[in-house]
Amino acid sequence: MTNFATFSDACYGFAFTPFGKCGMAKSEQGIFSLTFPSDEESVRVELQRKFPNVKFYRNDDEMEKMVYFIFQKNEYPALALYGTNFQLSVWEALQKIPFGSTVSYEDVAKSMGFPKAVRAVAHAVACNPVAFLVPCHRVVRKNGGLGGFRWGMERKISMLKWEKENLHL
DNA sequence: ATAAAGGCCACCC
DNA sequence: GGGTGGCCTTTAT
């Protein structure tokens with residue numbers, strides 16, 4: 001990590017998205033985690049491991065509100081990303097990919113000025129802490145394949161499909 | 001300090 | 001279709 005969390009309290013909780021139940025965490029600085037976990041306990045454990053000095057308070061209402069803004073009103077709340085410089089620039093590049101379109105891993109590498117760092121990019125994309133909002137699902141293989149997805153290929157497919165159907169947002 | 005493993009890509013059979 | 005070598009970062013020895 002090269003940049004660190006500066007907050008000491010955060011809330012986390014669970015809410016339903018068009019792609020299933022998500023776990024989310026946010027501080028006053030913004031959302032810093034959005035995952036699709038298999039069980040609730042692992043979310044808290046994982047958050048506490050990544051942010052050992054932070055106190056987490058559960059608040060599902062707050063997360064449901066966030067989900068409503070994101071998926072119903074298409075209003076994106078602030079994000080707060082923590083990672084290495086390389087990861088941060090990859091995640092930044094991902095946020096520039098337009099809604100409903102896709103790019104290749106190589107495209108991302110090129111846009112960052114490291115055309116040959118494809119594998120490093122793929123790895124950083126896979127480490128995306130904030131599903132959907134940092135649109136890692138919009139990165140696919142150049143050869144036509146879809147690549148992989150940390151939270152299940154099926155979910156990546158339905159995200160891309162959902163965006164195509166909701167372009168009017 | 002070194003090694004191994006990536007949500008990859010291009011090139012060659 | 002398949003195998004191989006190269007690319008750069010992260011993580012684990």
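Throughout, a chain's letter reflects where its sequence line sits, starting with A, and its residues are numbered from 1. Since the model is a prediction, treat every value here as computed from it, not as a measurement.
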Which part of the nucleic acid, if any, lies within contact of Cys127(A), taking any heavy atom under 4.0 Å across all strands shown: a base, the sugar-phosphate backbone alone, or nothing? nothing

Among the nucleotides dT10(C), dC9(B), dC8(B), whichever has the atom closest to the side chain of Ala122(A) is dC8(B)

Would you say Thr84(A) places a side-chain N or O within less than 4.0 Å of OP1 or OP2 belonging to dT10(C)? yes

Comparing nearest nucleotides in DNA chain C, the 5'-proximal residue of the pair Phe114(A), Val118(A) is Val118(A)

Between Asn143(A) and Arg119(A), whichever has its closest DNA chain B nucleotide further toward 5' is Arg119(A)

The nucleotide from dT10(C), dG7(B), dA10(B) with an atom nearest the side chain of Phe86(A) is dT10(C)

Think Lys142(A) has a side-chain N or O under 4.0 angstrom from the OP1 or OP2 of dC8(B)?
-> no

### Query
Can you say whether the rings of Phe149(A) and His137(A) are parallel (under 30°), tilted (30 to 60°) or perpendicular (over 60°)?
perpendicular

* Will you find, in the side chains of His123(A) and Gln87(A), an N or O donor that is under 3.5 Å from an N or O acceptor? -> no

| task | May I ask you to decide whether Glu40(A) forms a salt bridge with Arg58(A), counting only side-chain N to carboxylate O separations under 4.0 Å? | result | yes

Of dT10(C), dG7(B), dC8(C), the nucleotide closest to the side chain of Ala120(A) is dC8(C)

- Query: Arg141(A) side chain N/O closer than 4.0 Å to the phosphate oxygens (OP1, OP2) of dC8(B)?
  - Reply: yes

On DNA chain C, more 5' by nearest nucleotide between His123(A) and Lys116(A) is Lys116(A)

- Between Tyr82(A) and Gln29(A): side-chain donor-acceptor atoms closer than 3.5 Å: yes

Lys110(A) NZ to dC8(C) P, in whole Å, measures 15 Å

